[in-house]
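This is a predicted model, so every value here is computed, not measured.
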Amino acid sequence: MQENIDLLLDHPLGALLGYFAVAILGLVVFLSFFEMVTKYNCWEEIRKGNVAVAMATGGKIFGICNILRFSIDSGASIYDTMKWAVVGFLLLILAYFLFEFLTPVFSIDDEIAADNRAVGLTAMLISISLSYVIGAAIF
């Protein structure tokens with residue numbers, strides 16, 4: 001079975017579809033985990049127009065995809081790309097918990113849920129910035 005998949009991935013169109021499928025699957029799974037650890041419902045808040053949640057969620061989406069981009073760009077196989085996606089996600093979620101821990105004067109989740117755009121922007125920039133650091137370490 002794996003040999004058939006590898007044969008399909010050798011074709012440029014097959015590789016494109018394979019990496020695209022991995023990216024979509026990764027986004028769905030990793031965003032679901034982020035949804036579980038936040039105190040608010042991301043998609044419900046975005047539906048209500050909460051810009052802070054939209055910025056924080058957008059930063060998470062960008063961060064996950066950026067790590068995948070670096071992995072693909074490094075020439076990693078699709079299997080290694082999936083592994084790097086998991087490692088990158090774990091580091092991004094660790095950064096999320098560190099951000100919450102390092103700001104003891106207020107709750108990041110509560111501020112973002114209250115549409116504090118300064119906190120949402122900071123969360124977005126942390127996710128994006130760290131995705132570049134994580135991605136640069138992929139080789």
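- Closest of all the heavy-atom pairs between Ser127 and Gly59 is CB-O, 3.3 Å.
- For Ala85, the side chain to side chain contact (heavy atoms under 4.5 Å, CB included) partners two or more places apart in sequence, or in a different chain, are Phe30, Leu68.
- Both Phe99 and Phe97 are assigned to one and the same hydrophobic cluster, defined by single-linkage of ILVMFWY side chains at heavy-atom distances under 4.5 Å.
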*Working for side-chain contact (heavy atoms from CB on, under 4.5 Å), residues Val37 and Phe33*: CA-CA 7 Å; Val37 299; Phe33 278 108; 5.9 Å; no

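- Side chain of Asp109 to backbone of Tyr40: no donor-acceptor contact under 3.5 angstrom is found.
- Residue Arg117 comes nearest to Met55 through the heavy atom pair O-CE, 3.2 Å, listed as atom of the first residue, atom of the second, then distance.
- To the nearest 0.5 Å, the span separating OG1 on Thr57 from CZ on Phe34 amounts to 9.5 Å.
- Considering CG of Leu121 and CD1 of Ile112, their distance stands at 10.5 Å, rounded to 0.5 Å.
- The two atoms that bring Asn66 and Ser131 nearest to each other are ND2-OG, 2.9 Å, heavy atoms only.
- With sequence neighbours excluded, the residues that form a side chain to side chain contact (heavy atoms under 4.5 Å, CB included) with Leu27 are Leu31, Ile61, Ile64, Cys65.
- Hydrophobic clustering of Ile, Leu, Val, Met, Phe, Trp and Tyr side chains at less than 4.5 Å, counting indirect connections, unites Met36 with Ile108.
- A donor-acceptor pair under 3.5 Å is absent between the side-chain atoms of Asp115 and the main chain of Asn50, judged by distance alone.
- Placement of Met82 and Leu17 in two distinct hydrophobic clusters is found when ILVMFWY residues are connected by side-chain heavy-atom separations under 4.5 Å, directly or transitively.
- Annotation: the span from Lys60 atom NZ to Thr38 atom OG1 amounts to 5.5 Å, rounded to 0.5 Å.
- The cluster map of Ile, Leu, Val, Met, Phe, Trp and Tyr, joined by side-chain heavy atoms under 4.5 Å apart, puts Phe20 and Trp84 in different clusters.
- Summarising the geometry, atom CD1 belonging to Ile138 is positioned 10.0 Å from atom CD1 belonging to Ile72; distances are rounded to the nearest 0.5 Å.
- Enclosure of atom CZ in Phe106 by more than 12 non-hydrogen atoms of other residues, nucleotides or ligands within 6.0 angstrom is indicated.
- Remark: Tyr19 pairs with no residue by the ring-ring contact (aromatic ring centres under 6.0 Å, His included) rule, at least two apart or across chains.
- Two residues are said to be in side-chain contact when any heavy atoms from C-beta on lie closer than 4.5 Å; Phe62 and Met124 fail this criterion.
- Considering only heavy atoms from C-beta on, Leu16 comes within 4.5 Å of Leu13 through its side chain.
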*Tell me, with the steps shown, if Leu94 and Leu90 meet side-chain contact (heavy atoms from CB on, under 4.5 Å).*
CA-CA 6 Å; Leu94 175 66; Leu90 292 174; over 6 Å; no

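- Between the CD1 atom in Ile134 and the OG atom in Ser71 there is a gap of 12.5 Å [rounded to 0.5 Å].
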_Using side-chain contact (heavy atoms from CB on, under 4.5 Å), reason through Leu92 and Ile67 one step at a time and then give a plain yes or no._
CA-CA 10 Å; Leu92 283 178; Ile67 291 166; 3.8 Å; yes

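- Here Asp110 contributes atom CG and Glu100 contributes atom CD; the two are 7.5 Å apart, rounded to the nearest 0.5 Å.
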